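Take a look at the structure below.
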Amino acid sequence: MLVRLIQIVCFAVLVGILVYVGGTIWPLALDKATGIIGAISCALGCGLVFAVYLDSRASKSDKGGR
């Protein structure tokens with residue numbers, strides 16, 4: 001459980017950093033506040049999707065591989 005939580009947090013942080021950097025560099029050049037809001041939103045969304053994915057993988061292995 002703790003390993004999954006660490007994986008989810010690391011993945012969300014990575015996505016958030018990439019979105020922030022991508023949003024604040026030149027051709028987009030979003031404001032810093034807008035980039036932070038976008039980064040947090042994408043990080044939360046991707047974190048939730050990754051958590052559901054890991055949970056579904058765990059429940060498949062709990063059922064004996066069916």
Side-chain angles (χ1 to χ4, degrees):
M1 177 79 173
L2 184 63
V3 174
R4 275 193 239 151
L5 180 64
I6 292 170
Q7 286 177 333
I8 292 166
V9 169
C10 290
F11 181 72
V13 167
L14 178 68
V15 168
I17 289 171
L18 290 175
V19 168
Y20 178 73
V21 169
T24 55
I25 60 173
W26 175 79
L28 293 177
L30 298 173
D31 293 337
K32 290 188 181 209
T34 306
I36 290 173
I37 292 169
I40 291 171
S41 300
C42 289
L44 287 175
C46 290
L48 287 173
V49 169
F50 192 60
V52 169
Y53 172 74
L54 287 178
D55 188 51
S56 70
R57 299 275 300 174
S59 61
K60 279 186 180 179
S61 66
D62 292 342
K63 293 180 183 175
R66 286 187 176 185

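Everything quoted here is computed from the prediction, not taken from an experiment.
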Nearest heavy-atom pair of [X] and [Y]: which atoms, and what distance?
X	Y	answer
Cys42	Val19	CB-CG2, 3.8 Å
Gly35	Leu30	N-CB, 4.4 Å
Ala39	Gly16	CB-O, 3.2 Å
Ala12	Ala43	O-CB, 3.2 Å
Asp31	Thr24	O-CG2, 4.4 Å

Are Tyr53 and Val9 grouped together when hydrophobic residues (ILVMFWY) are joined by side-chain heavy atoms under 4.5 angstrom apart?
->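 Shared cluster, no.
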
Any chain of hydrophobic side-chain contacts (each under 4.5 Å) joining Val15 to Leu48?
->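 No, it is not one cluster - the side chains of Val15 and Leu48 are not joined through contacts under 4.5 Å.
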
Tell me, please, which residues at least two apart from Ser41 pass side-chain contact (heavy atoms from CB on, under 4.5 Å).
->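 With sequence neighbours excluded, Ser41 shows a side-chain contact (heavy atoms from CB on, under 4.5 Å) to Ile37, given in chain and number order.
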
Once you round to the nearest 0.5 Å, how far does CG of Leu54 lie from CG of Leu5?
->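 These two atoms lie 10.5 Å from each other.
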
Where at least one partner belongs to residues 2-25, residue pairs that pass ring pair (Phe, Tyr, Trp, His ring centres under 6.0 Å), sequence neighbours excluded |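 Passing the test, one end in residues 2-25: Phe11-Phe50.
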
Using a side-chain heavy atom cutoff under 4.5 Å and only I, L, V, M, F, W and Y, what cluster partners does Leu14 have?
->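 Leu14 clusters with Leu18.
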
